[in-house]
Amino acid sequence: MLMDRKFTLLLSILLLISCSQGDAPAKEDMLINTTYVHLFFDSEKECLDSQPDSGFFYNCHQQLDFYKNNIVEIMLTDIIWRGKYETHENTIILTFEPNYEVPDGEIRLEILNSKWLVNLENETLWKKVDGDSIWE
């Protein structure tokens, strides 16, 4: 009887540990090889129509790419910053060397669902790219 209680207690502890540790890797795994964009325009045509005649091209979007081994790349203007990411429940924490675009070296995003993220600092929406175009 005492042995059954010890076994049940041990099994319960192991189950709790495995459940509590399983959340982050599953969310991190769902991000691998995905791209999210924050669009400045509603369509590619609007973007192209807004470009100046000087030949200089303004970005139409910002882009976030997740890779294996918790590597992330973000393009906010015309520079791609490489860093790391981790998940905690529905929050993704991106960390970079501090720079002029990310002065404190951290960006926090909330996972709204499988297709949308929101930047918790400025509330910009980031849409998951499915297919070959950011506009679809």
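Below, each value reflects all heavy atoms present in this structure, side chains not excepted, and no hydrogens, waters or symmetry copies.
- Applying the salt bridge (charged side-chain N to carboxylate O under 4.0 Å, His left out) rule to D104 yields no partners; only residues at least two apart in sequence or on another chain are considered.
- Separation of atoms CD1 (I80) and CG (D65) is listed at 7.5 Å; rounding is to 0.5 Å.
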- [ ] Given side chain to side chain contact (heavy atoms under 4.5 Å, CB included), test Q63 with T35 step by step and report yes or no.
- [x] CA-CA 7 Å; Q63 185 165 319; T35 296; 3.7 Å; yes
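- Within the 4.5 Å cutoff, the side chain of T91 has no heavy atoms near those of the L109 side chain.
- L94 places none of its side-chain heavy atoms less than 4.5 Å from the side chain of E106.
- For the residue pair E97 / N99, no side-chain donor-acceptor distance below 3.5 Å is found, with atom types taken as modelled.
- In summary, E86 and K84 do not engage in a salt bridge, as defined by a charged side-chain N under 4.0 Å from a carboxylate O.
- Distance OG1/T87 to CD1/I92: 7.5 Å, rounded to 0.5 Å.
- Separating the NZ atom in K68 from the CG atom in D29 is a distance of 12.5 Å, to the nearest 0.5 Å.
- Here the closest non-hydrogen pair linking W116 and N113 is N-OD1, 3.0 Å.
- Between P98 and P103 the shortest heavy-atom distance is CB-O, 3.1 Å.
- A distance-only check finds no donor-acceptor pair linking the side chain of H38 to the backbone of W126 [under 3.5 Å].
- Within the hydrophobic cluster formed by Ile, Leu, Val, Met, Phe, Trp and Tyr side chains joined at under 4.5 Å, directly or through other members, L48 is accompanied by F57.
- Atom OG1 in T95 sits 10.0 Å away from atom CD1 in I107 (nearest 0.5 Å).
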Open item on the list: Pair D49, Q51 - check side chain to side chain donor-acceptor pair (under 3.5 Å), show working.
Closed with: CA-CA 6 Å; D49 289 347; Q51 300 301 319; over 6 Å; no
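- Within the 4.5 Å cutoff, no side-chain heavy atoms of V72 are placed close to those of R82.
- Side-chain atoms of V102 and L76, non-hydrogen and from C-beta on, do get closer than 4.5 Å to each other.
- Between the CG atom of L64 and the CD1 atom of I74 there is a distance of 5.0 Å, given to the nearest 0.5 Å.
- For D130, the side-chain hydrogen bond (donor to acceptor under 3.5 Å, both in side chains) partners at least two apart in sequence or on another chain are K115.
- For the atom pair CD1 of I71 and CG of N69, the computed distance is 6.5 Å after rounding to the nearest 0.5 Å.
- Judged by distance alone, the side chains of W81 and E101 do bring a donor and an acceptor atom under 3.5 Å apart.
- Cluster partners of I134 are V37, L39, F40, F41, V129, W135, counting Ile, Leu, Val, Met, Phe, Trp and Tyr whose side-chain heavy atoms approach within less than 4.5 Å, directly or via other members.
- Residues passing the side-chain hydrogen bond (donor to acceptor under 3.5 Å, both in side chains) test with E121: none are found, sequence neighbours excluded.
- Contact annotation: the side chain of K127 never approaches that of Y36 to less than 4.5 Å [non-hydrogen atoms, C-beta and beyond].
- Contact annotation: the side chain of N59 approaches that of M75 to within less than 4.5 Å [non-hydrogen atoms, C-beta and beyond].
- N70 is linked by a side-chain contact (heavy atoms from CB on, under 4.5 Å) to E28, Y85, counting only residues two or more places apart in sequence or in another chain.
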